[in-house]
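Shown next, in structure tokens, is the structure this report addresses.
These values consider heavy atoms only, across backbone and side chains, with no hydrogens, waters or symmetry-generated copies. We number each residue from 1, following the sequence as shown. One-based numbering, in listed order, for ligands and for the atoms of each.
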Amino acid sequence: MPRFSANLSFLFADLPFEKRFAAAAAAGFGGVEYVGAYDMPMASVKSLLSDNGLEQVLFNMPTGDWEKGERGLACRPGREDAFRDSVVKALDYAAATGCRMVHCMAGVMGKGEDAGELARLYCDNLLYAADLAEQAGVKILIEPINPLDMPGYLLNSVEQAAVILDQLDHPHLALQFDIYHAQIVGGNIAARLDRHLDKTAHIQIAGVPGRREPDSGELNYPFLFYMLDRVGYDGWIGCEYKPHGDTVAGLEWIRPWMPAAK
Ligand SMILES: O=C(O)C(=O)[C@H](O)CO
Ligand SMILES: [Mg+2]
């Protein structure tokens, strides 16, 4: 049976962030994930989780200055110190909230930059983060993101991520398999999920095209959930989509697997 996590950066977006926790619990979710809650004190996040009986499934490391175009720091020359600070901050929040997975965004390539050089720095930084994460009992996840939504992003394909994970061979590095991005970059989802499942610590879903509810578009999610059960995937499935309208009204697709809270 799939276990669904509500991505609070996408779902319940009409509510203030701190109210999204209760809304997720009422909708039946047992876990939540989001980009980050670093502007809230750790104790407040912890209370929101425990008051609502929620597990903190995942969040991102601080990603740098989003307004200025940063999308993670891990491949960025000159940002090594900021990257190391971001690892420490994320692991502090992870310890406070009992979170066992942290997504490390790679960052974007500038025009004329050497992808090989950036990839080398990215790998060095991933190993630095993974060593610290190991001491904290946390996994660092890397997620391929499609280049239409995030032009210049360093890590685009699941296959690229698999090569990096194979080469770094660190027990605290794993794949965040976002099916929405993977469908746009390569398709053939069932076979690729199967092939890379041993590296996959977390899955995210959305309909393609449009990143809407997973009951719209070209992907057959009930089949993929069935397949994930058959192969014994026991991780979370993050609902990272932009609801068409009201989040709860749009959750009809989930009810065969997840009833609303009583
Ligand atoms: O963009 C995505 O798919 C992600 O999962 C990012 O972490 C969102 O920030
Ligand atoms: Mg994602």
In a simple table, one pair per line, please give the protein and ligand 1 atom names for every N or O pair closer than 3.5 Å, along with the distance.
residue  : atom  : partner : partner atom : Å
ligand 1 : 3 (O) : Glu143  : OE1          : 3.4
ligand 1 : 3 (O) : Glu143  : OE2          : 3.1
ligand 1 : 3 (O) : Asp178  : OD2          : 3.0
ligand 1 : 3 (O) : His181  : NE2          : 2.7
ligand 1 : 3 (O) : Arg211  : NH2          : 2.7
ligand 1 : 3 (O) : Glu240  : OE1          : 2.9
ligand 1 : 5 (O) : Glu143  : OE1          : 3.0
ligand 1 : 5 (O) : Glu143  : OE2          : 2.9
ligand 1 : 5 (O) : Gln204  : OE1          : 3.1
ligand 1 : 5 (O) : Glu240  : OE1          : 3.1
ligand 1 : 5 (O) : Glu240  : OE2          : 2.8
ligand 1 : 7 (O) : Asn60   : OD1          : 3.4
ligand 1 : 7 (O) : Asn60   : ND2          : 3.0
ligand 1 : 7 (O) : His103  : ND1          : 3.0
ligand 1 : 9 (O) : Asn60   : ND2          : 3.2

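- For Glu33 and Gln204, the side-chain atoms include at least one donor-acceptor pair closer than 3.5 Å.
- A pairwise comparison of heavy atoms in Gly250 and Glu213 identifies O-CG, 3.3 Å as the closest pair.
- Annotation: cation-pi geometry not satisfied between Arg76 and Phe83 (NZ/CZ under 6.0 angstrom from ring centroid, within 45° of ring axis).
- For the residue pair Tyr180 and Asp149, a side-chain donor N or O sits within less than 3.5 Å of a side-chain acceptor on the partner.
- Salt-bridge annotation for Asp234 and Arg3: absent, with no side-chain N of the basic residue lying under 4.0 Å from a carboxylate O of the acidic one.
- The aromatic rings of Phe17 and Phe21 sit perpendicular to each other, their planes meeting at more than 60°, with 30° as the lower class boundary.
- Excluding waters, the count of protein N/O/S atoms less than 2.8 Å from the Mg ion (ligand 2) comes to 4.
- Residues Leu121 and Met105 fall into different hydrophobic clusters, defined by Ile, Leu, Val, Met, Phe, Trp and Tyr side chains chained together at heavy-atom separations under 4.5 Å.
- Separation of the Phe4 and Phe29 ring centroids does not fall under the 6.0 Å cut-off.
- With salt bridges taken as basic N to acidic carboxylate O contacts below 4.0 Å, one links Glu117 and Arg120.
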